[in-house]
Amino acid sequence: MFGPQAYEDLFLTKHSKWKVMHVEYDGMRYTYSYNWEVLEMFGSAKKFKEWCIEDVMTLDGKYSDSIEVIR
């Protein structure tokens, strides 16, 4: 059973659409999708961007949605 706030959050609040962030590094473009819930999990857009850059630098974009060559 939902509480009143949970019901409002899920069904009455209009949520923004997904957006994308691109990180270009060493001739590759890494794409990360996000929305307000993702940014809330990281605390800010800046921290999310830092996480994306760290993923590219240390894990070769393991958690990116797509990787493409742009050379």
Practice problem: Identify, with sequence neighbours excluded, every residue that meets salt bridge (Lys or Arg N to Asp or Glu O under 4.0 Å) alongside E24. | Solution: R29
Exercise. Can you see which heavy atom on A45 is nearest to which on L39, and at what distance?
Key: CA-CD2, 3.7 Å
Self-check item: Centroid-centroid under 6.0 Å between Y25 and Y30 rings
Solution: no
Practice problem: Hey, can you tell me if W51 and F42 have their rings parallel, tilted or perpendicular (30° and 60° cut-offs)? | Solution: tilted
Practice problem: Assign the ring pair Y34 / F48 to parallel, tilted or perpendicular, where the plane angle (0 to 90°) is split at 30° and 60°. | Solution: tilted
Quiz item: Is V20 reachable from V69 through a run of hydrophobic residues whose side-chain heavy atoms are each under 4.5 Å from the next?
Solution: no
Quiz item: Nearest 0.5 Å, what's the NZ-NZ distance between K19 and K17?
Solution: 11.5 Å
Exercise. Find the distance between CD (E68) and CE (M28) and round it off to the nearest 0.5 Å.
Key: 8.5 Å
Quiz item: To the nearest 0.5 Å, how far apart are CH2 in W18 and CH2 in W36?
Solution: 10.5 Å
Check residues 56-64 and write down every donor-acceptor pair under 3.5 Å in which the side-chain atom is one partner and the other belongs to a residue at least two apart or another chain.
{"from": "T58", "atom 1": "OG1", "to": "E54", "atom 2": "O", "distance (Å)": "2.7"}
{"from": "S64", "atom 1": "OG", "to": "G61", "atom 2": "O", "distance (Å)": "2.8"}

Self-check item: By side chain to side chain contact (heavy atoms under 4.5 Å, CB included) - contacts of S66 (at least two apart)
Solution: T31
